[in-house]
2 protein chains.
Amino acid sequence: MKPVIYLDNNATTRVAPEVLEEMLPYFSEYYGNPSSMHTFGGMLGKKVVEAREKLADLINADPGEIIFTSCGTESDNTAIYAALRSNPQKRHIITTRVEHPAVKNLYEHLAKNGYRVTWVPVDRKGNLDVEYLYDHISDNTAIASIMWANNETGVIFPVEKIAHALKEKGVLFHTDAVQAVGKIPVDVKKAGVDMLSLSGHKFHAPKGVGALYVKKGTKFAPFMIGGHQEKGRRGGTENVAAIIGLGKAAEMAKSDMVDEMQRVRMLRDRLENHILDTVPNTLLNGVRENRLPNTLSVSFEYVEGESILLMLDQLGICASSGSACTSGTLEPSHVLRALGVPFTAAHGSIRFSLSHYNTQEEIDYLCGHIPRLIERLREMSPFWKQAASCSTQ
Amino acid sequence: MKPVIYLDNNATTRVAPEVLEEMLPYFSEYYGNPSSMHTFGGMLGKKVVEAREKLADLINADPGEIIFTSCGTESDNTAIYAALRSNPQKRHIITTRVEHPAVKNLYEHLAKNGYRVTWVPVDRKGNLDVEYLYDHISDNTAIASIMWANNETGVIFPVEKIAHALKEKGVLFHTDAVQAVGKIPVDVKKAGVDMLSLSGHKFHAPKGVGALYVKKGTKFAPFMIGGHQEKGRRGGTENVAAIIGLGKAAEMAKSDMVDEMQRVRMLRDRLENHILDTVPNTLLNGVRENRLPNTLSVSFEYVEGESILLMLDQLGICASSGSACTSGTLEPSHVLRALGVPFTAAHGSIRFSLSHYNTQEEIDYLCGHIPRLIERLREMSPFWKQAASCSTQ
């Protein structure tokens, strides 16, 4: 397969070669089980400890506050069920209208099973209505799950402020930080969150490993019940190689976070400005400033996102319409609908999400093609012709 | 680290180099998300389809009946919760006294949460009391979880017979086949089970991937709620590389199952006979015949299993006392207690579990050392001296 320009890093990322290198000996060479009593297995326990320390360091947690899981979805499910099982008398839960399906679909499931759910709205720019959130907290609220940053728009929520308000009312605060960790500084102590979900494959660790931060002293009940692993908080043999990879990815993310944010933001802004300047009838989804530096969600009016993706694909450019988790449907994503993106624009929404591996040459290649690409699609679009004729009348 | 003689394959196995080779391109080269619309991601969907077919082929399932999970524990949890959520009116569940913690601990948790649990006993040889099982089935029984083969003794349960009896009474049958799949022929259609759990790292696939077989038509509710992956039956980005590895391991296991069983059984029997013939006061745990060909659980009376493991470790030999999942405690495992292994023997129990990679040279090396090793430990044991003096009086 020819090389691609991969601009779909919020869906998944390349495993950093340095990460893979660290993982490699732990498949066929040092393949023991950390729970074993022999040296060959036991030594892997130390590697897991090291990885836990590195990951804890990235988010300013204590290593004992980290539970390794198999993915972000498991981390989210674990956090939410832990809160509910620890507070069985409380039957009200709070989340937002723009969460990832791992939170949204679980809350919908709970809504059908005896829980009252408050869905906090966002405005046209993707900002959370925090006053609405505050107004709906009650003594009956078991947990609030509010994401750190949105996977489609990149909009960052005011986690610290929310944490403060929830703490005052004694409500557990869980944040899905899957899109934030590794991309922007995340400090659990400063933010004051009780539980935080993260996923390795969103920042150059492999798929199949995630983690849940649980603040010391937080009441907890395991989701995956089995052996004594993770101090009885998550059964199942530790995914040693992937955990080692997650530790390395965390170390790498921490070491060049500031420079990388700046570099990636510069590339993203270059792309964004080019599109908004050269392609008519385009809208930026989400606020401009308080946003993940790697994410750009843009709506091209009167064209289909799927058609854009197809033509980008022919150019070897990978992007996404809505999130990967909702692709395959023709409906605009629930996030764009929550923002109130007009119908004619929501259908033509594309998310570009960058990473460490993107170069200016790649962005310039895309910039060079996108205006003509959109123009060609619009030439074929009956809606565009209609809109154009209306605007000239 | 010097090479080891790894005889702890029921805890975890070496990833076959052929498996690792198949996986390798899917970390840093073809790293897309199968849910993505672009070719780079979408082509991974085909690889997942292929892996699903290979795994289905190993257990004679239809590919659509396979749900990929992160491990055996998740498969077990998924199966059990699926049965309970699909039959909410039924409050009785059945399992055995010798299940893996992934089943045992979940059933104990359910026992504290409104479910009545029947624990089916085993006899001194590890055989299941199937009459006891049959006698306890009721109209209120939601599920029976009966393992295919025991992880400590290797004893194989009469799954086909049990399936027949449960089917007659309309009870869902889930089997934890984590220790069976890849080691002995497993045919879900012939066996007639409704759900079957398996784990990759027990047969030379990597850690971090497992699967659940769910017979077509079985009522199902997801455990991990998130995106649309696995046809909505398991949320979370597919662990592509590990799934590809699982497919390859399944293919390899199927291709030389018969020869390998014979070869491994010959080695295991060589070790078993040598120990029983040359070391006095040793007991075989479990039946001799109807047992996994790779597993040997043997009790050395009047010595501590931990001391034996330590001395084996110094010789570079990896084994286990009880299961890895219960190690770290000084209690004999629940399996040996369920068998009624006498106290003086249960504490000196060692499990040797072989794999494809063990050689006759390795077994002969162990055979050459074990009699003297046990003798030395007994020389230091006050219980042994006491027992010896009693027997001479």
Side-chain angles (χ1 to χ4, degrees), chain A residues 1 4 6 8 11-17 20 27-28 30-33 35-41 43 70-74 76-77 100-102 105-106 109 201 206-209 224-228 235-242 306 309 312-313 318-321 324-328, chain B residues 1 4 6 8 11-17 20 27-28 30-33 35-41 43 70-74 76-77 100-102 105-106 109 201 206-209 224-228 235-242 306 309 312-313 318-321 324-328:
Chain A
M1 191 172 171
V4 295
Y6 190 76
D8 198 10
T12 195
T13 61
R14 180 184 187 203
V15 176
L20 182 57
F27 290 107
S28 301
Y30 304 119
Y31 52 82
N33 188 322
S35 298
S36 296
M37 279 207 45
H38 42 75
T39 311
F40 184 71
M43 69 173 182
S70 69
C71 58
T73 298
E74 187 191 329
D76 285 333
N77 278 237
H100 184 272
N105 292 353
L106 180 50
H109 169 78
H201 77 102
K207 297 176 183 68
V209 66
M224 196 97 89
I225 294 179
H228 61 92
T237 298
E238 298 88 341
N239 190 353
V240 176
E306 278 66 26
L309 287 187
L312 288 173
D313 194 38
C318 302
S320 150
S321 66
C325 299
T326 55
S327 71
Chain B
M1 190 171 172
V4 295
Y6 189 76
D8 198 10
T12 194
T13 60
R14 180 183 186 203
V15 176
L20 181 57
F27 289 107
S28 301
Y30 304 120
Y31 52 83
N33 188 321
S35 297
S36 297
M37 278 206 44
H38 43 74
T39 312
F40 184 71
M43 68 175 183
S70 69
C71 58
T73 298
E74 186 191 329
D76 285 332
N77 278 235
H100 184 272
N105 292 352
L106 179 50
H109 168 79
H201 77 103
K207 297 175 182 68
V209 66
M224 195 97 90
I225 294 178
H228 61 92
T237 298
E238 298 89 340
N239 189 354
V240 177
E306 278 66 25
L309 286 187
L312 288 173
D313 195 38
C318 302
S320 149
S321 65
C325 299
T326 55
S327 71

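This structure is a prediction, so every number in the text was calculated from the model and none was measured. Convention: sequence-line order gives letters A, B, ...; per-chain numbering from 1. All values below come from the heavy atoms of this structure, side chains included, with hydrogens, waters and symmetry mates left out.
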Under 4.5 Å from a heavy atom of chain B, the part of A:A319 involved =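 Backbone only.
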Between A:Y6 and B:H38, is any pair of side-chain heavy atoms under 4.5 Å apart?
->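 Yes, at least one pair of side-chain atoms sits under 4.5 Å.
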Would you mind reporting whether A:K207 and B:V240 have side-chain heavy atoms less than 4.5 Å apart?
->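 Result yes, sub-4.5 Å side-chain heavy-atom pair found.
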May I ask you to name which of A:C71, A:A16, A:G32 has the most heavy-atom pairs under 4.5 Å with chain B?
->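 Max contact count across the listed options: A:G32.
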Nearest-0.5 Å distance, OG1 of residue B:T39 to CG of residue A:L312 |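 Result: 11.0 Å between the selected atoms.
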Heavy-atom distance under 4.5 Å to chain A: side chain of B:L106, backbone, both or neither?
->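 Both parts, heavy atoms under 4.5 Å.
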Do you know which two heavy atoms are closest between A:R14 and B:S28, and how far apart they sit?
->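 Looks like NE-O, 2.9 Å.
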Under 4.5 Å, counting heavy-atom pairs only, tell me which of A:N239, A:T12, A:I225, A:N77 racks up the most with chain B.
->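 Maximum pair count with chain B is reached by A:I225.
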Just say parallel, tilted or perpendicular for the rings of B:F27 and A:F27, cut-offs at 30° and 60°.
->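 Ring orientation, 0 to 90° scale: tilted.
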Could I get the full list of side chain to side chain contact (heavy atoms under 4.5 Å, CB included) partners for B:A102, not counting sequence neighbours?
->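 In terms of side chain to side chain contact (heavy atoms under 4.5 Å, CB included), with neighbours along the sequence ignored, B:A102 is linked to B:T73, B:D76, B:H100.
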Relative to chain B, which segment of A:N105 carries a heavy atom at a distance below 4.5 Å: side chain, backbone, both, or neither?
->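 A:N105 touches chain B through backbone and side-chain heavy atoms alike.
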Calculate, to the nearest 0.5 Å, the distance between atoms SG and CG belonging to B:C318 and A:N33 respectively.
->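 One gets 11.0 Å once the value is rounded to the nearest 0.5 Å.
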Using the test side chain to side chain contact (heavy atoms under 4.5 Å, CB included), find all partners of A:T13 that sit at least two apart in sequence or belong to another chain.
->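 Once residues adjacent in sequence are excluded, the partners of A:T13 under the side chain to side chain contact (heavy atoms under 4.5 Å, CB included) criterion are A:N9, A:H204.
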